[in-house]
Protein chains: 2
Amino acid sequence: MTATQSRTGPLIALRYEAGALWALDQTRLPFEERELALRSAEEVAAAIRRLSIRGAPLIGVAAAYGVALELARDPDSYALERACDVLRNARPTAANLAWAVNRVEAAALAGGPGKRAAAALAEAIAIHAAEEHASVAMARNGADLLADARRIMTHCNTGALAAPGRGTALGVVAELADRGGLQNVIVTESRPLLQGARLTVYELSRLGIAHELIVDSAAAGLIADGAVDAVIVGCDRVAASGDVANKVGTYGLALAAHAAGIPFVVAGPTSTIDPSCTSGNLIEIEERDPDEVRTASGQILTIPGTSCRNPAFDITPARLLTALVTERGTVRPVSTESVAALLSR
Amino acid sequence: MTATQSRTGPLIALRYEAGALWALDQTRLPFEERELALRSAEEVAAAIRRLSIRGAPLIGVAAAYGVALELARDPDSYALERACDVLRNARPTAANLAWAVNRVEAAALAGGPGKRAAAALAEAIAIHAAEEHASVAMARNGADLLADARRIMTHCNTGALAAPGRGTALGVVAELADRGGLQNVIVTESRPLLQGARLTVYELSRLGIAHELIVDSAAAGLIADGAVDAVIVGCDRVAASGDVANKVGTYGLALAAHAAGIPFVVAGPTSTIDPSCTSGNLIEIEERDPDEVRTASGQILTIPGTSCRNPAFDITPARLLTALVTERGTVRPVSTESVAALLSR
C-alpha cells in the first residue's frame with residue numbers, strides 16, 4: 001500500500017503509473033516523503049478525506065484517476081456510479097472534485113460498455129495534463145499582474161502539492177522568483193493542519209525562495225505595517241458572482257489587504273469556478289473533526305474534549321478581490337459580469 | 001523554588017505570602033497547576049519573560065512585588081534602581097509594567113532609607129488591591145455596555161490569570177454569565193502560545209461558562225457569518241489617541257467586527273493607558289523567539305530552522321473600537337479627547 005521515494009527533482013504530488021495512482025502523502029510532509037499507491041475509488045476518496053491528497057485542483061485530478069482505477073477493476077455501470085458518488089462526496093467544498101468526476105463519468109459512458117475503463121483513464125490523463133498547462137499559464141498571468149511586488153504574503157499551500165504542475169498562487173510566486181526581483185514570501189502557518197508551515201515552507205525551501213513563517217493571526221498586523229506588497233491565495237470554489245471559498249483565514253487576509261490598500265489576488269484554474277453557484281453564501285463550508293483544533297501535529301493543546309468549531313473554509317466576497325487570475329486570463333474587477341465574460345472566452 | 005497546590009476555589013494567579021510571591025505557572029496550564037515561589041526581582045522578571053506570569057495588569061502587579069521582594073533582601077538605593085530596571089525591561093509592550101514599577105519606586109524613595117522595603121511592599125499591596133477592585137468595576141461597566149450580547153468572541157486570555165480579581169475582557173464575560181442570558185463564548189486559540197486554548201478554556205471551564213474553541217483564522221469568517229454578537233478583548237498598552245496594542249490577531253478581529261457591524265470592545269484598567277504615547281505606531285511591539293512559531297506545546301511543526309517573524313502584539317486604531325471599558329467608566333467613541341476626559345475623571 002505504501003512506498004518510499006527520495007525526491008530531488010521537481011515535486012510530483014501525483015502520478016499515474018503501473019495501474020496505480022501514486023500520491024505523495026501530504027499528511028507526513030515535511031518530515032517524511034512517502035508515496036501512497038492507490039488502486040481503487042475508495043482508496044483515492046479516503047486519501048482525499050484525510051488530506052493525504054489536498055488542494056482543489058489536485059483532488060479533482062486524483063478523483064478523475066479514482067474513477068478510472070475503479071473501472072479497471074469493475075467496468076460495469078453500477079461500479080461507475082458508485083465510484084463517482086464516493087469520490088464526489090469525499091469533501092464538499094472544492095468545485096474541482098465534482099467537475100472532474102463528472103467529466104470522467106461522461107467520457108466513460110460515451111466510451112461504451114467495452115471501452116469504459118480506457119475512456120475514463122484517457123479523460124483523467126487529459127484533465128491532469130490540462131491542469132498542468134493551466135498552472136503554467138496562471139503563473140505567467142499572475143506574475144504579469146504582480147510584476148512590481150517584491151514581498152508577497154500567501155496562505156495555506158497552493159504550490160505543486162495543491163495543483164498539478166506549478167500550483168496556483170504559489171506558482172505565481174515561483175514565476176515571480178524566476179523573473180527576478182522577488183525578495184521575500186511571508187507564509188501563514190495555516191492552522192489547524194498547518195499546510196503553510198508544513199507544505200509551503202517545504203516547497204519554498206526546495207525552490208530556494210526566501211520566506212518567513214508567521215502564525216495566522218500575525219498576518220493582519222504585518223499587512224498594516226507594510227511588510228508585504230501583495231497577498232495572493234488560491235481558491236476551492238469560486239461562485240458565479242466571484243465570491244471565493246478558500247482556506248479558513250482567507251477572508252481576514254482580504255479585509256487586511258483592503259484596509260492597507262494593497263492587492264489581494266486569488267489564483268485558480270477555471271475548473272474551480274462553479275457557474276451554477278450564484279453567490280458565496282450558497283457554498284457549503286466543510287466542518288472538520290474538532291480534534292484538528294484540539295491538537296497540532298498530534299500534540300494536545302487544550303483540555304481534552306473541549307468543544308470546537310472547525311470550518312475548513314471561509315467566504316471572501318468578490319468586492320474584496322483585486323483580481324482573479326486563471327489560465328484563461330485575469331479578471332479585474334471581479335463581478336458576475338467579468339466572471340461570465342472570462343468563462344465565455 | 002516550586003510548590004504544587006490543588007485549587008478548587010476562585011482562581012488566584014498571584015499571591016504574596018510568607019516573604020514570597022506565589023505565582024501559578026501559566027506555561028504549565030491547563031495540564032498542571034503548579035505555583036512558583038519567587039523571592040527576588042530577577043526571579044519575578046524571569047517569570048514574566050517566559051510568560052509564567054502574563055497579562056498586562058498581572059505583570060504590573062507582579063513587578064510591583066518584585067521591587068518589594070528585592071528591597072527586603074537589600075534595601076540600598078542601588079539595589080532599588082537595579083531591581084526597577086530589570087523589571088521594567090522584562091517585556092516592552094505592556095504599559096502596566098513601568099507604571100507599577102515607577103509607583104513602587106517612588107513609594108520606596110519616599111519611605112526613606114530605613115523604611116524602603118516596608119513602603120515598597122505596602123505600595124505593591126495597594127496596587128494589587130486597586131487592580132482587583134478595578135476588575136470588578138470593569139466587569140460591571142462592560143456588562144452594562146454588552147447587556148444584549150448572548151454570544152461573544154474573545155481572544156487570548158484576559159481573565160483571572162491575566163489581571164487580579166476577575167480579569168479584564170473575560171471578567172466582563174463572567175459578569176454577563178452571572179447576570180444570565182450569555183449563551184456561548186467563542187475562544188480563539190491564540191497562537192503561538194495558545195493562551196486561548198490553554199488558559200481561557202481553563203478559566204471558562206472552571207466558571208462553568210459554555211464555550212467553543214476555534215483556530216485564530218476561523219474568527220473573521222465566523223464573525224461575518226453572524227456567529228457572535230460582539231467581540232471583546234483586553235489590552236497591553238493604550239495610546240493617548242485610543243489606539244490599542246494587544247495580543248497579535250486583535251487588529252484582524254477588529255476589522256472583521258467592523259465589517260460585520262458588531263461591537264468591538266476593549267477592556268482594561270486605566271493603568272494600561274499610556275498618556276505619554278500619542279499614537280499606536282509609537283508603541284514598541286515585542287518580537288519573540290521564532291521557536292514559538294516553529295512549535296506548538298513543544299511539538300515541532302515545520303522544517304527546523306525555518307525563518308520566522310513573531311510579533312507578540314499588533315495595533316488596532318481607535319477608529320475600529322466601539323468602546324474602551326475601564327474601571328472609571330466606558331469611553332465611546334474612542335478618541336484623544338474622550339481618553340483624556342476619562343483620565344481626568
Side-chain angles (χ1 to χ4, degrees), chain A residues 30-31 155 186-192 194 196-198 201-202 205 210-222 224-225 227 247-256 258-259 281 285 290 292-303 306-311 313-315 317, chain B residues 30-31 155 186-192 194 196-198 201-202 205 210-222 224-225 227 247-256 258-259 281 285 290 292-303 306-311 313-315 317:
Chain A
F31 306 110
H155 188 48
I186 293 187
V187 178
T188 57
E189 63 175 2
S190 312
R191 279 278 289 151
L194 300 157
R198 295 190 301 107
V201 162
Y202 172 77
S205 297
H211 57 278
E212 291 173 309
L213 180 65
I214 61 169
V215 298
D216 298 311
S217 67
L222 288 171
D225 281 351
K247 173 73 182 180
V248 70
T250 298
Y251 169 60
L253 298 180
L255 285 174
H258 185 77
N281 57 30
I285 300 294
E292 293 182 354
V293 178
R294 296 178 192 130
T295 63
S297 287
Q299 175 75 34
I300 182 82
L301 306 179
T302 186
I303 297 174
T306 294
S307 295
C308 298
R309 296 192 61 173
N310 187 20
F313 304 93
D314 62 22
I315 303 296
Chain B
F31 306 109
H155 189 49
I186 292 187
V187 178
T188 57
E189 63 176 3
S190 311
R191 279 276 290 150
L194 300 157
R198 295 190 302 107
V201 163
Y202 173 77
S205 297
H211 57 279
E212 292 174 307
L213 180 65
I214 61 169
V215 299
D216 298 311
S217 66
L222 288 171
D225 281 350
K247 174 72 181 179
V248 70
T250 299
Y251 169 61
L253 298 180
L255 285 174
H258 184 78
N281 58 29
I285 301 294
E292 294 181 355
V293 178
R294 295 179 193 129
T295 63
S297 287
Q299 176 76 36
I300 183 82
L301 306 178
T302 187
I303 297 174
T306 294
S307 295
C308 298
R309 296 192 60 172
N310 187 20
F313 305 93
D314 62 23
I315 304 296

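Chain naming here is simple, since letters A, B, ... match the order of the sequence lines and numbering starts at 1 in each. We use all heavy atoms of the structure for the numbers below, so side chains are in, but hydrogens, waters and symmetry mates are not.
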Novice: Out of B:Ala227, B:Gly196, B:Ser190, B:Ala220, return the one with the most heavy atom pairs under 4.5 angstrom to chain A.
Specialist: B:Ala220
Novice: Is it the side chain or the backbone of B:Phe31 that comes within 4.5 Å of chain A heavy atoms, both, or neither?
Specialist: side chain
Novice: Between B:Asn281, B:Ile285, B:Thr295, B:Leu255, which has the largest tally of heavy atom pairs under 4.5 Å with chain A?
Specialist: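 Highest number of pairs under 4.5 Å: B:Leu255.
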Novice: Taking all non-hydrogen atoms of both residues into account, name the closest pair between B:Gly221 and A:Tyr251 and its distance.
Specialist: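 In terms of heavy atoms, the two residues are closest at N-CD2, 3.9 Å.
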Novice: Relative to chain A, which segment of B:Ser297 carries a heavy atom at a distance below 4.5 Å: side chain, backbone, both, or neither?
Specialist: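 It is both, since atoms from each part get that close.
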Novice: Strictly distance-based, threshold 3.5 Å: is any side-chain N or O of B:His155 a donor or acceptor partner for the main-chain N or O of B:Val248?
Specialist: yes
Novice: What part of B:Leu222 gets within 4.5 angstrom of chain A, counting heavy atoms only: side chain, backbone, both, or neither?
Specialist: side chain
Novice: Do you know which of A:Asp314, A:Leu213, A:Ile300 has the most heavy-atom pairs with chain B at a distance under 4.5 angstrom?
Specialist: A:Leu213
Novice: Relative to chain B, which of A:Gly249, A:Pro317, A:Ala224, A:Ser307 shows the most heavy atom pairs under 4.5 Å?
Specialist: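 Highest number of pairs under 4.5 Å: A:Ser307.
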Novice: Find the distance between CZ (A:Arg191) and NZ (A:Lys247) and round it off to the nearest 0.5 Å.
Specialist: 9.5 Å
Novice: Quick one: which of B:Thr250, B:Asn310, B:Thr302, B:Asp216 has the most heavy-atom pairs under 4.5 Å with chain A, could you say?
Specialist: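 Among the listed options, the one with the most contacts to chain A is B:Thr302.
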Novice: By a 4.5 Å heavy-atom criterion (distance strictly below it), what part of B:Pro30 contacts chain A: side chain, backbone, both, or neither?
Specialist: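 Only the side chain of B:Pro30 comes within 4.5 Å of chain A.
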Novice: Report yes if the side chains of A:Arg198 and B:Leu301 come closer than 4.5 Å at any heavy-atom pair, otherwise no.
Specialist: no
Novice: Check each atom of B:Ser205 against the heavy atoms of chain A and say whether the ones under 4.5 Å are side chain, backbone, both or neither.
Specialist: side chain
Novice: Find the distance between CD (B:Glu292) and CG (B:Leu194) and round it off to the nearest 0.5 Å.
Specialist: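 Here the rounded value is 10.0 Å.
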Novice: Give, as side chain, backbone, both or neither, the part of B:Ile315 having an atom under 4.5 angstrom from any heavy atom of chain A.
Specialist: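 Contact with chain A involves no heavy atom of B:Ile315 at all.
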Novice: To the nearest 0.5 Å, how far apart are SG in B:Cys308 and NE2 in A:His211?
Specialist: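 B:Cys308 atom SG to A:His211 atom NE2 measures 8.5 Å (nearest 0.5 Å).
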Novice: Most heavy-atom pairs under 4.5 angstrom with chain A, which of B:Arg294, B:Glu212, B:His258?
Specialist: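 Most pairs with chain A among the choices: B:Glu212.
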Novice: Measure the shortest side-chain to side-chain distance between A:Ser217 and B:Thr188 over non-hydrogen atoms and say whether it is less than 4.5 angstrom.
Specialist: no
